[in-house]
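The structure presented is a predicted model; accordingly, all values stated were derived computationally and were not measured. So you know, we letter chains A, B, ... as the sequences are listed, proteins then strands, and number each from 1.
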Amino acid sequence: MGMFDGIAGFGVTFSTMFKKVVTEEYPLVKKVTAPRYHGRHQLNRHPDGLEKCVGCELCAWACPADAIYVEGGDNTPEARYSPGERYGAIYQINYLRCIGCGLCIEACPTRSLTMTNEYELADDDRQDLIYTKEMLLAPLLPGMEQPPHPMRLGDDEQDYYVQGPEMARQGREQAGEHDLDTDNRAGANVEPGAALVGKGPLAKRGSPEASGATGEGRS
Amino acid sequence: MTQAPEQEAPPVPEGHVRLTIDGQTVDAPKGELLIRTCERLGIVVPRFCDHPLLDPAGACRQCLVEVEMGGRPMPKPQASCTMTVADGMVVKTQHTSPVADKAQQGVMELLLINHPLDCPICDKGGECPLQNQAMSSGRAESRFVEEKRHFAKPLPISDEVLLDRERCVLCQRCTRFSEQIAGDPFIELLERGAHQQIGTEETAWGEGEEFQSYFSGNTIQICPVGALTSASYRFRSRPFDLVSTPGQCEHCASGCSTRRDWRRGGVTRVLAGEDPNVNEEWLCDKGRFAFRYPTSPQRVLAPMVRGDDGELVAVSWIEALERAAELLLAARDGSGPGRVLVGDDGVEAEGDPKKGVGVLPGGRLTVEDAYAYGKFARLALRSNDVDHRARVHSDEELDFLAGHVAGVAPGHVSYAHLEAARTVLCVAFDPEEESPIVFLRLRKASRHGTRVVHVGSWTTPAVAKTGGHLVRVAPGDEPAALDDLPDDVATALGEPGAVVLVGERAAEVPGLLTAVAGLGSRTGARVAWVPRRAGERGGVDAGALPTLLPGARLLTDADAREAVAAVWGVPTLPESPGRDVTAMLRAAADGVLAGLVVGGLEPADLPDPALARAALAEADVVVSLEQVFSEVTGYADVVLPVAPAVNRGGTYRNWEGRDRTFATTIDPGQGSSGRVGGTAAITLPDCRVLDSLAVEMDVDLFTQTPAAAAAELAELGTVAVTPSTPRTRPDSEPAGRAPGTVRLATWRQLLDGGALLAQEPDLPGTARPARLRVAAATAERLGLVAGEPARLHAAEQPGRHAEPDPTLAGLDLVVELADLPEDVVWAPSHVPGASGVTTLAALGLHHGGPVRVTGSAAPESGDQQ
């Protein structure tokens, strides 16, 4: 027993005082996620505001947790929600069931369904955790128009898929929104012309490399 | 291992050959296709174009096998779907021959050169023979990297069928179906070589005659790829998300097996079920596409009672049943207020009280429901006033049904008899319009040598497609024509196996059913009655007629009444013969009958719609058992909702007398009523509702379930029927006509705006347009011009209840020339229009009666010529 014994017991304490703090100040400071974090889903839009979802239900079919419910509807000349014949009339994701695996966004043939980095998916009401189409749809960016409206970017849906990404990029550059919220999303899931809802601390993190891997490959 | 003792091979049976397939020795009947022999051995050879009901084509080349004949191998692999078996043949399929396997892989690679890789968005994905066989017989990787061929798509073949030419592998199943089975060549191969494609006249020339077929939907089902898709199913669902339930078609008396695919409480598509004895693998477009009526917003989803304010109010089952029972009891016993008589001097006086309740079940019932209606009328309402014939009818028909239809064994005349017969005579029966699957069987028979003779007024498409033998008669003259048939036809009918088919509209011509019965007994030909609706035959056998008890028992037969009363557990049955439909309606309209219990029928279908409306309005009590809000529910005091065919089980009896039993397709599992997936669901069949209603009236029907009703009907059994000639042969009305009139021939078309076609937007596009048909000479005399509209005028209605609807001064139809007799015009009985269906009956016009026709622009165009 030496005279420093009483102090030596605090050795770990003192040494830890000078290390980097690992505590998350979560509610006050929100954690920045990894760029490809599987957060809340988003239903994207074409640059003119039409929805990308065609109501094919492949996401619901791919879902291992049976968390997605889709009912398709017919576009008519009077009420057009997406290019092409069909649109997702009812779209629901049950976040009580969703396990965030991301199989749904891999299944999506139109890149309509992507995942955002928003992770605050807790609630005290089970009903509120069934997200409906209105809650999942990407907000309208400048230049977008609330559907239903006719196709503005071409004569048929092929024009949207072939020229859409290019038009979206031009639209952004003209609007001077290059560093707006398109760059902050998970790289593989970034969708031109689509916006992220959750801003705040997430909005400042930019990753040009990541956003380079956008969906132009689909031509 | 024990060695089997050497045995002498048994001799080859007569008419067979012996060959070897994949090392197995097999005896096959001469002329059998190699691919069928392989099937019998359980050897699967991939194929696309081969279909057992179509002639061989050898179009896709996917079924290549290696063949050795007489010890010498054939130089190239052979298509097993076109090659017939031969003695001593040695066949090696892909399972034993690398050559056949490589050949099949090569063919698959060729087929896939231009086939898009869009399986995830293709309707066929998941049930696609191409998808499956590309996995089983194809290469994993394609050597073709070039851009695939593109076509504009989808291309509408009809309003219901859409073509995607990129996916087509040119197997020609659809073109062969349209040519060989349906006889409507609406789809054909176009272009040559690499540009070859399926198309219509419109795609070939840029314009074309609009060609309609009642069978176009079958091409969707037999297409082995996703090239032909259904407009009503396109992009709606994936096969693996659906539950497939066997069902029976509720649309006509053909009695087709169907397969109903459904999910989320609603049917997404109907496919033909396989039943070689009835519909083979085919289904008409009405049965295939008219399945959305249960999801109609007009569905009755709760029992309703008319309140003091005259509006129907949804109430509980108990309240509605109590109210209905109370009203019906009062009406039955005549304890309601007496009818008001207005004397010649205008003084009102109270006459005899109205008494009695009539039952009008309608013709769409299952056997069990029809039985329940008949029993309800006899026990709960204590009368024989029940008649399910919501169409033209006569007393002569009642006798014919009792003597020739009721209780006749299923084997009397069947589809097989039609196919085997040397001669079939169709009387007052257009098979394609009235029983499409009977038409397909007649066409198949006529292609194999059966002579199908039609007694009718013009060469309809059905006549043309079954050989074109027409005995042309003016409407009303059919009985005389049957008595004086051409010698060759009369002789042919005397041969064994000959069949006479008579339609339900024969009741409209006085003496015709008597003549048919006489023809049958004179020649020995078998007579069969082919009604239109699914419930007609079941209603006859189950006793939903005023003169017939269940099991073909005559009401006038005291022993029969006693037998039925014993099974029903009552001392006696009402003895006096009941009224038929028209008599009931007339009695109700005249204030004699106090109430009506009405099943699923529309006043427009009745011979005198105005009388029906007057009766419904005049009756003190109207209880309606309905699926949807209809004209009848508008008059009803109590509306009791009943289940559509998909939400219940039961048995339809088709024209052959064959029982077509089906189970519940969609059971919501929520008790009596509820909503599943946004779809209305009432699950109580008519027989259950009537049972509960009878209990409220202190009578037990014991028809709680269709099974219970069927068991009791089976216990009653059927008594032997001795075919008899109808007793009443009314004198033919003299064909005296007012000057300026011609005679009208009319019958209903298959798709004419019926109640079960509601909610189906594309189906009317497949319907034949309503046309006025007339012979060229008559047209000239009347001043009618082909292609121009003409007007049918409402007739004077002597002896009819009410004046014709003043808004219906006439009916405008486009004139088309046809080979009708002189001074005869033909028009469809029901003409769907923008504001609902117009019936000729509402205009006071009927088959064989006089009609006045005027052309719109006749004089001018006549002068120009």
Roughly how far apart are A:Glu85 CD and B:Leu162 CG, rounded to 0.5 Å? 7.5 Å
State, yes or no, whether a side-chain contact exists between B:Ser237 and A:Glu57 at a heavy-atom distance under 4.5 Å. no
Counting only heavy atoms not in A:Asp128 (residues, nucleotides, ligands), do more than 12 fall under 6.0 Å from its CG? yes
Let me know if B:Arg238 has heavy atoms under 4.5 Å from chain A in its side chain, its backbone, both or neither. side chain
Toward chain B, the part of A:Asp74 with a non-hydrogen atom under 4.5 Å: side chain
Enter the distance from B:Arg264:CZ to A:Glu71:CD here, rounded to the nearest 0.5 Å. 5.0 Å
